[in-house]
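Some notes on the structure that comes next.
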There are 4 protein chains.
Amino acid sequence: MSTAPSPVPARRRADAQRNRDRIIATAHLAFIRHGIGVPMEEIARGAEVGVGTLYRHFADREALLRAVIAAGLERLMTVSRQETDHATDPWGALCRFVRRCVELRLGGTLSALRPRMAQAMKEIAELADARQRMLELLDPLVRGAQERGQMRTDVSTGDMIILIGMLVRHECELTEDKEWITRRHVEIVLDGLRPGGGELPGPTVTLTDFHHD
Amino acid sequence: MSTAPSPVPARRRADAQRNRDRIIATAHLAFIRHGIGVPMEEIARGAEVGVGTLYRHFADREALLRAVIAAGLERLMTVSRQETDHATDPWGALCRFVRRCVELRLGGTLSALRPRMAQAMKEIAELADARQRMLELLDPLVRGAQERGQMRTDVSTGDMIILIGMLVRHECELTEDKEWITRRHVEIVLDGLRPGGGELPGPTVTLTDFHHD
Amino acid sequence: MSTAPSPVPARRRADAQRNRDRIIATAHLAFIRHGIGVPMEEIARGAEVGVGTLYRHFADREALLRAVIAAGLERLMTVSRQETDHATDPWGALCRFVRRCVELRLGGTLSALRPRMAQAMKEIAELADARQRMLELLDPLVRGAQERGQMRTDVSTGDMIILIGMLVRHECELTEDKEWITRRHVEIVLDGLRPGGGELPGPTVTLTDFHHD
Amino acid sequence: MSTAPSPVPARRRADAQRNRDRIIATAHLAFIRHGIGVPMEEIARGAEVGVGTLYRHFADREALLRAVIAAGLERLMTVSRQETDHATDPWGALCRFVRRCVELRLGGTLSALRPRMAQAMKEIAELADARQRMLELLDPLVRGAQERGQMRTDVSTGDMIILIGMLVRHECELTEDKEWITRRHVEIVLDGLRPGGGELPGPTVTLTDFHHD
DNA sequence: GATGAATGAGACTTCATTCAT
DNA sequence: TATGAATGAAGTCTCATTCAT
């Protein structure tokens with residue numbers, strides 16, 4: 001078709017990758033905006049590809065959802081390492097990390113997983129993985145902050161992860177022009193984690209508590 | 001109209017009312033457990049009535065959802081008045097109220113309304129009403145607690161209502177055997193509302209902020 | 001409940017009859033206005049009775065439809081005898097009869113029978129009966145008019161009956177404020193039945209042609 | 001774009017078009033035979049496609065109905081131009097046109113539109129259009145015939161269109177083996193339009209009378 | 001690889017009819 | 001006898017997924 005030395009074969013890959021990325025980005029927004037049940041065709045339309053293309057990349061809705069989550073977590077981990085590596089101020093690093101999590105807006109997609117899947121959660125390897133990695137990331141910060149008396153000692157890293165989930169979802173309940181409200185509430189929660197609060201009921205949250213939630 | 005037994009006239013009505021109640025109760029659970037999209041037939045089956053009966057009582061899924069919410073809010077308001085009437089200890093009353101809200105498990109149904117309806121919310125008169133009534137209920141408590149120095153003064157009753165929403169939904173993300181975790185986090189948030197926290201970004205949440213959220 | 005010598009028992013029958021009549025009248029209108037498929041409940045509502053009452057009087061939709069038709073035909077036959085008895089002017093009587101048929105507005109209901117029932121027609125005894133009676137009524141008029149040279153001789157009474165059906169349905173296609181149009185077209189058809197027209201294709205319509213239409 | 005065979009590019013489109021055509025043809029018959037309420041699935045089955053395909057082509061029953069009508073009117077206009085162009089005998093052309101209308105069997109579908117839509121009619125652009133086009137087509141014929149004394153002068157083109165509607169629907173009331181009856185009655189009506197008839201009541205039908213019928 | 005038409009299972013909703021009061 | 005609540009079959013429509021081009 002063309003006389004130039006075919007630059008096509010390499011391009012193909014690039015196009016496909018670009019499609020894949022656009023689909024994930026579109027799906028992320030669509031899941032947040034219209035719920036986990038958005039018609040696949042709407043996602044395809046948003047990404048400006050045919051449904052067929054969407055299905056070539058992701059076997060079914062579940063697979064797409066997992067990919068969206070994985071992509072989000074990837075971004076989260078990248079970002080968070082920047083915040084936390086070589087932290088000399090563990091409490092400050094913890095705070096920045098929490099604020100970042102909220103800003104990434106993963107909440108909508110993550111909480112979309114809830115219905116019917118309390119247990120299906122476990123089957124999504126990416127999630128368990130991410131929690132594990134997040135635990136490893138946060139644990140030194142939590143301990144460090146507690147040792148320095150910057151943080152109450154009756155909460156665990158497990159509590160932190162669940163609280164982050166709460167804030168992240170909270171953000172997604174608000175319309176875009178009201179996001180500033182979440183920022184206030186993030187700070188309130190962080191203040192609640194400072195030493196000097198009242199007694200907390202029950203034991204701290206541990207890794208094993210994640211097995212069923 | 002009279003106190004006499006009068007057994008005959010109101011009979012069938014009673015059956016119908018019982019059905020209506022069972023449908024609402026079943027739907028409440030179903031919405032929480034399987035999401036807002038549960039097949040209507042499953043709800044009907046759970047309530048042990050035919051689909052037709054369900055539809056005689058509620059014109060469509062939306063109507064049922066609204067009824068479930070209205071019923072929940074009714075319970076909430078009843079309960080909350082018990083907690084807050086004649087309160088001599090505003091902060092204590094506020095805390096008990098928050099804990100109660102969480103225990104009532106309205107969160108699942110309420111947050112089920114989110115997708116596609118950030119603004120449709122307004123059209124659900126019951127919700128706007130309830131927020132207004134809640135505001136009126138809480139405002140004296142918040143002010144009272146703040147006047148006595150029991151609560152930070154840079155949060156408003158509007159913030160409180162949104163925070164309650166957050167906790168209430170948080171509770172519903174957890175499986176039944178992990179509810180105790182929420183109780184811990186409720187206390188952390190309450191601690192964060194005590195005086196002495198860091199500065200909060202943005203203005204306090206006011207009534208007008210509800211118009212779009 | 002009352003002190004007067006109970007006038008109730010006799011009233012009951014009267015009430016029931018009144019209900020029956022109201023149902024038929026309402027159904028007649030409803031069939032014409034909303035088609036043969038109107039919800040039974042709508043008919044009941046229009047007649048201001050419960051569905052149950054409707055079903056006590058008429059076993060099912062079909063039965064109601066037949067009753068409506070029978071009532072209409074009854075009125076038609078009554079009226080038409082007034083027009084045609086002792087007629088000394090057969091053509092004039094025929095014309096008056098045709099105009100009356102149209103005015104009675106049976107068309108909607110009659111034509112409602114069409115779909116799916118080309119043959120079911122035969123099963124509705126009332127219809128076959130009525131056609132037979134109409135035939136007996138009109139035959140002398142047609143023959144009389146033809147003998148006097150007032151009417152073309154290449155049409156039969158069978159043609160007349162079918163033409164009347166056409167005009168009667170025609171009337172029902174027009175909205176109420178356009179009924180006057182039908183009156184014009186009735187006259188055009190009657191003019192077309194006068195002697196002197198062009199040749200007509202096919203044989204005249206006979207009784208046996210009704211068996212399948 | 002080119003006259004060359006170009007076998008590849010338009011292929012699937014052809015299949016889709018074939019499906020669309022078959023659906024319309026099947027629906028036309030089904031509407032006539034079983035009424036406007038035929039199950040969509042039956043139409044799909046008749047056209048040998050899945051329901052989904054039917055719905056991909058036509059958003060709902062209404063849309064399908066409109067398409068059927070549009071297709072019918074298209075055929076009608078094509079055919080009628082053949083009859084009427086360059087007519088040197090206006091009355092003869094008018095007669096041939098009327099006979100053609102009846103033969104095309106559009107009546108069933110057109111009259112299926114009646115219930116509940118006396119006014120909705122206007123919203124079906126195709127219908128209003130067609131009436132307008134038909135008016136323009138017939139008007140010269142009517143005037144020509146009247147000027148030559150071949151047609152009574154107290155009827156208008158508006159009357160003609162409504163009469164055609166009557167005959168067209170009339171044809172559809174009869175079973176297939178009785179179609180010959182309509183042909184007789186068409187001639188009777190045409191004879192009634194000849195000069196010399198009795199006086200007609202009311203004014204002639206004008207364009208403005210269509211606005212509400 | 002991309003496309004979008006076709007498919008059919010399944011959810012939603014309506015209504016004719018029954019039945020307990 | 002009248003009532004209207006309950007039932008469930010049947011029809012409409014949507015959408016995930018497949019597949020021919």
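Note that the structure is predicted; figures quoted are calculated from it, not measured. Numbered from 1 within each chain, the chains take letters A, B, ... in sequence-line order.
Rounding to the nearest 0.5 Å gives a distance of 13.0 Å between CZ of B:R18 and CD1 of B:I23. Rounding to the nearest 0.5 Å places OG1 of A:T26 at 11.5 Å from NE2 of A:H28. The structure places CD1 of A:I24 at 11.0 Å from CD1 of A:I69, a figure rounded to the nearest 0.5 Å. With rounding to the nearest 0.5 angstrom, the CG atom of D:L64 is 9.0 Å from the CZ atom of D:R20.
In this structure, the CZ atom of B:R22 is 11 Å from the P atom of F:dA6, given to the nearest Å. Taking atom CZ on D:R20 and atom C1' on E:dA6, their separation rounds to 16 Å, with Å as the unit. Put simply, CD1 on C:I23 is 12 Å from C1' on F:dT3, counting in whole angstrom units. Between the CZ atom of B:R18 and the P atom of F:dA6 there is a distance of 11 Å, rounded to whole Å. One can place CD1 of B:I43 at 12 Å from P of E:dA11, the figure rounded to the nearest angstrom. Separating the CG atom of C:L64 from the P atom of E:dT17 is a distance of 11 Å, rounded to the nearest angstrom.
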Report the C-alpha separation of C:F31 and C:I43 in whole Å, then their side-chain angles, then the decisive distance to 0.1 Å, and conclude whether the side chain to side chain contact (heavy atoms under 4.5 Å, CB included) test is met.
CA-CA 9 Å; C:F31 285 147; C:I43 297 174; 4.2 Å; yes
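The phosphate of E:dG1 has neither OP1 nor OP2 within less than 4.0 Å of any side-chain N or O from A:H57. Taking 4.0 angstrom as the limit, A:N19 places none of its side-chain polar atoms (N or O) nearer than this to OP1 or OP2 of E:dG1. At the phosphate of F:dT1, OP1 or OP2 sits under 4.0 Å from a side-chain N or O atom of C:R56.
Shown here for B:A67 and B:F58, the closest heavy-atom pair between the two residues is CB-CE2, 3.4 Å. In this structure, C:M40 and C:D60 approach most closely via the heavy-atom pair CE-C, 4.1 Å.
For the strand DNA chain E, secondary-structure stems (runs of at least three Watson-Crick or G-U pairs, all distances below 3.5 Å) span E:2-21 with F:2-21.
More than 12 heavy-atom neighbours from other residues, nucleotides or ligands sit within 6.0 angstrom of CD on D:E42.
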Protein proximity profile, nucleotides 8-14 of chain F - base contact B, sugar-phosphate-only contact S, no contact -, cut-off 4.0 Å on heavy atoms
B---SBB
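With hydrogens and angles disregarded, a donor-acceptor distance shorter than 3.5 Å links the side chain of C:R61 to the backbone of C:V38.
Projected onto DNA chain F by closest heavy-atom contact, B:E48 and C:L54 fall at different nucleotides, the more 5' of which corresponds to C:L54.
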